[in-house]
**Q** 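Before anything else, here's the structure in question.
Just so we're on the same page: letters track the sequence lines, and every chain starts at 1.
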Number of protein chains: 2
Amino acid sequence: MGGIQQNGAMEYLLLTDRSNIYYPAHELGTLEPHMPRPKEFNPDDAIEKAMQVFWHKGYEATSMEDLLSAMDLNRGSLYDTFGDKRTLFLKVIDRYCTTFAGPKFSLLDQPGPALPTLRHFINGMIEGGLADPQRRGCLIANTVMELSPHENEIAGTLRQAIHRIEETFFKVLTRAKEQGELTQDKDPRALARFLTTMMQGIIVMIKAGASAEVVKQTAETALSILG
Amino acid sequence: MGGIQQNGAMEYLLLTDRSNIYYPAHELGTLEPHMPRPKEFNPDDAIEKAMQVFWHKGYEATSMEDLLSAMDLNRGSLYDTFGDKRTLFLKVIDRYCTTFAGPKFSLLDQPGPALPTLRHFINGMIEGGLADPQRRGCLIANTVMELSPHENEIAGTLRQAIHRIEETFFKVLTRAKEQGELTQDKDPRALARFLTTMMQGIIVMIKAGASAEVVKQTAETALSILG
DNA sequence: TAGTGTGTGGAATGAGCGTTCCATAATGAC
DNA sequence: GTCATTATGGAACGCTCATTCCACACACTA
C-alpha cells in the first residue's frame, strides 16, 4: 500500500523569473488551455523547511501543526502539494539524500591524493555535526533508529542510502590503493564498511552529547587503521 | 519539573513465597496496623514487559494501550504503581542499565587474559544483536537517538550509561596493557572511546538491516586496531 | 463476622492528532 | 470583463492519545 510518486523533486518546473511561481510539470504538455493560479510558495523551499523539522524532532514527534508553521503554509496547500505526512517524509528523505548528503559525498570523487581527501571529508563531517547547536546528527541515521524496524519501505530507502555511502568510501579507498597510498594488505571493501559503521557510531556519540575532544580523538583512532 | 523517584527498582519487597504478592516497602515501618490488599502482579515482571515494548517500538510510538496489554494489567494499577508514561520509561531505562546491560559488561571484569575476553564480549554482543528477529538494537542507543536532543534529564542518564561503558572498556584495556597483551604505544583511553563509538555504529548498522557477514567483517576490522 | 483500606477494571475526560472539506480569493486565458 | 481553475485559510471530523476517576472486589485485622 502507499503510492509514493516516483520523483517528487522534479514534479515542478520554474516557469518565470518570479521565484515563487510554480506549475505542476505534468500540466505542461496537456491540451488544457488555462494556466492555473500559481502557488504562492516555493515547494523546494517548503520541503527544505520540513526537512529541518523532521531532522530536529524525528518523524513521530513532528506534528502537522509543526510542519504547517515551519513551512509557513496552510493545510490545504500542504496536503494538495505533498500528500499526507508519511508521503511528505519520504520526499524529505529523498531530498536529504540527493541535495544534502549526496553532494557532500561527491567531494570524495575528486582526483588527486585520496587519503588526505578522505580524512578531510570525515573531519569536516565531524566539525559540522559538533557545530550544530541542536546536535541533530544525520537524518538517515536518526530515521534508521526510529523507523527501520516498522517501516519496510522507508527501511529499504535508508539501506540504499547507506549502501551508497559504503560504495563512495570503497571507490576512494580503491583509488588510494591504486595510487599506493594504502598498503597491499589492506582490503578496501572491509575498510569501506568499517568507515561507514564508524560514521554512524560518531553520529550517535554526537547526539549523546560527547565532547569535541572525545569525538575527534575517536576519529583519529579510527583513521589510524588506514596505516 | 518531574519528580522521578530515586530508585524504583527497590520500591517493593517480596514478603511471602507466593511469587506475585508484594507490599510497598515504605509501609513496612509505619504505625499502620492494616496490611493492604496485595498486588496481583509482580512489579519487576511488569517493568520487564514494559521494557520489551519500549525497546521494540521506542518511546513516542509506544501507547499506554500497548503497555497495558503487554504488562497485562489495568490502567489503575499501572498509574498507581509506576506513575505516568515518562516516569515508567525512566524506570525502564534504569532497569535496562542495571539488570540487563550492566551484568553483560561485568563479564569484562573477570581476571585472566583481557583481550580474548574483550573480543569474546564484542562478538557475543554482535551475535545477540543479529539473532534478535526484531533487530531492536540497544535501548540506550535507541533512546539517545530519539530523545536526547529534547529530554535533558533522560539525556543525562544515557550519557552516564555510555560513560560507564567507556570506563569498562578502559579498565579491561588497561589490564591488557599491564599484562603485556597491548603494546606500549597503545592508549587505553583512546581505544576505549573508539570501541564505545564502534559499538554504537554496529547497533545502527544492525538496525539498518546489515547482513551478519558485513557486521562481523566490520567488527574484525575494528578489533584489528588492538594489534 | 465486621470493618478498613487498597487493588482492580472500566468508563469518562479533554487535549491533540492527521486528515478532509468547502467557501472564498486570486489568477491567467479568452 | 467574464470564465475556468487552482490556491488559500480555516472550520470540522473522527480518532487516539495520556490521564483521571470511581464503584466494586478483595484481603487482612480485630
**Q** Please compare B/K85 and B/G76 by the position of their nearest nucleotide in DNA chain D and report the one closer to 5'.
**A**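 Mapping each residue to its closest nucleotide by heavy atoms, the 5'-most match is B/K85.
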**Q** Say whether A/Q217 and A/E213, considering side chains only, have a donor N or O and an acceptor N or O under 3.5 Å apart.
**A**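 The criterion, which ignores hydrogens and geometry beyond distance, is not satisfied for A/E213 and A/Q217.
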**Q** Between C/dT19 atom C1' and A/N74 atom CG, what is the distance in whole Å?
**A**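 Rounding to the nearest Å, CG of A/N74 and C1' of C/dT19 are 14 Å apart.
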**Q** I want to check one thing: is the phosphate of C/dT8, taken as OP1 and OP2, less than 4.0 Å away from some side-chain N or O of B/S77?
**A**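 For B/S77, the contact criterion (side-chain N or O under 4.0 Å from OP1 or OP2 of C/dT8) is met.
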**Q** Could you state the CG-P distance from A/L78 to C/dC21, rounded to the nearest angstrom?
**A**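 One finds 16 Å between P of C/dC21 and CG of A/L78, rounded.
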**Q** Is it true that a side-chain atom of A/H56 and a backbone atom of A/T62 form a donor plus acceptor pair closer than 3.5 Å?
**A**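 No, A/H56 side chain to A/T62 backbone: no donor-acceptor pair under 3.5 Å.
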**Q** To the nearest Å, how far apart are A/L67 CG and C/dT19 P?
**A**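 So the two atoms are 10 Å apart, to the nearest Å.
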**Q** Kindly state which residues belonging to residues 53-66 of chain B come within less than 4.0 angstrom of DNA chain D, counting heavy atoms of the residue only, listed by number.
**A**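 B/T62, B/S63, B/M64 - these, ordered by number, are the residues of the stretch whose heavy atoms sit under 4.0 Å from the strand.
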**Q** Atom CZ of A/F89 to atom P of C/dG18: distance rounded to whole Å?
**A**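 Rounding to the nearest Å, CZ of A/F89 and P of C/dG18 are 13 Å apart.
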**Q** Answer yes or no: side-chain N or O of B/R75 and base N or O of C/dT8 forming a donor-acceptor pair under 3.5 Å.
**A**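 Side chain to base: no pair present.
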**Q** Return the value, rounded to whole Å, for the distance between atom CG of B/D80 and atom C1' of D/dT20.
**A**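 Result: 11 Å.
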**Q** Rounded off to whole Å, could you give me the CG-to-P distance for the A/L68 and C/dT20 pair?
**A**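 A/L68 atom CG is separated from C/dT20 atom P by 14 Å.
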**Q** Take atom CG of A/D84 and atom C1' of C/dC17, then tell me their distance rounded to the nearest Å.
**A**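 So the two atoms are 13 Å apart, to the nearest Å.
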**Q** Once ring-ring contact (aromatic ring centres under 6.0 Å, His included) is applied, do any residues pair with B/F121, and if so which ones, sequence neighbours excluded?
**A**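 In terms of ring-ring contact (aromatic ring centres under 6.0 Å, His included), with neighbours along the sequence ignored, B/F121 is linked to B/F105.
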**Q** What orientation do B/F194 and A/F194 show, parallel under 30°, tilted 30 to 60°, or perpendicular over 60°?
**A**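 B/F194 vs A/F194 ring planes: tilted.
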**Q** Donor-acceptor pair, B/R75 side chain versus B/L68 backbone, under 3.5 Å?
**A**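 Not a single qualifying donor-acceptor pair exists.
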**Q** Can any side-chain N or O of B/N142 pair as donor or acceptor with the backbone N or O of B/G137 at less than 3.5 Å?
**A**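 Side chain of B/N142 to backbone of B/G137, a donor-acceptor pair under 3.5 Å: no, none is there.
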**Q** Could you tell me the separation between the CG atom of B/N42 and the C1' atom of C/dG7, rounded to a whole number of Å?
**A**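 Going from B/N42 (CG) to C/dG7 (C1'), I get 15 Å.
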**Q** Any idea which heavy atoms bring B/T81 and B/K91 closest together, and the distance?
**A**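 Nearest heavy atoms, B/T81 then B/K91: O-NZ, 3.8 Å.
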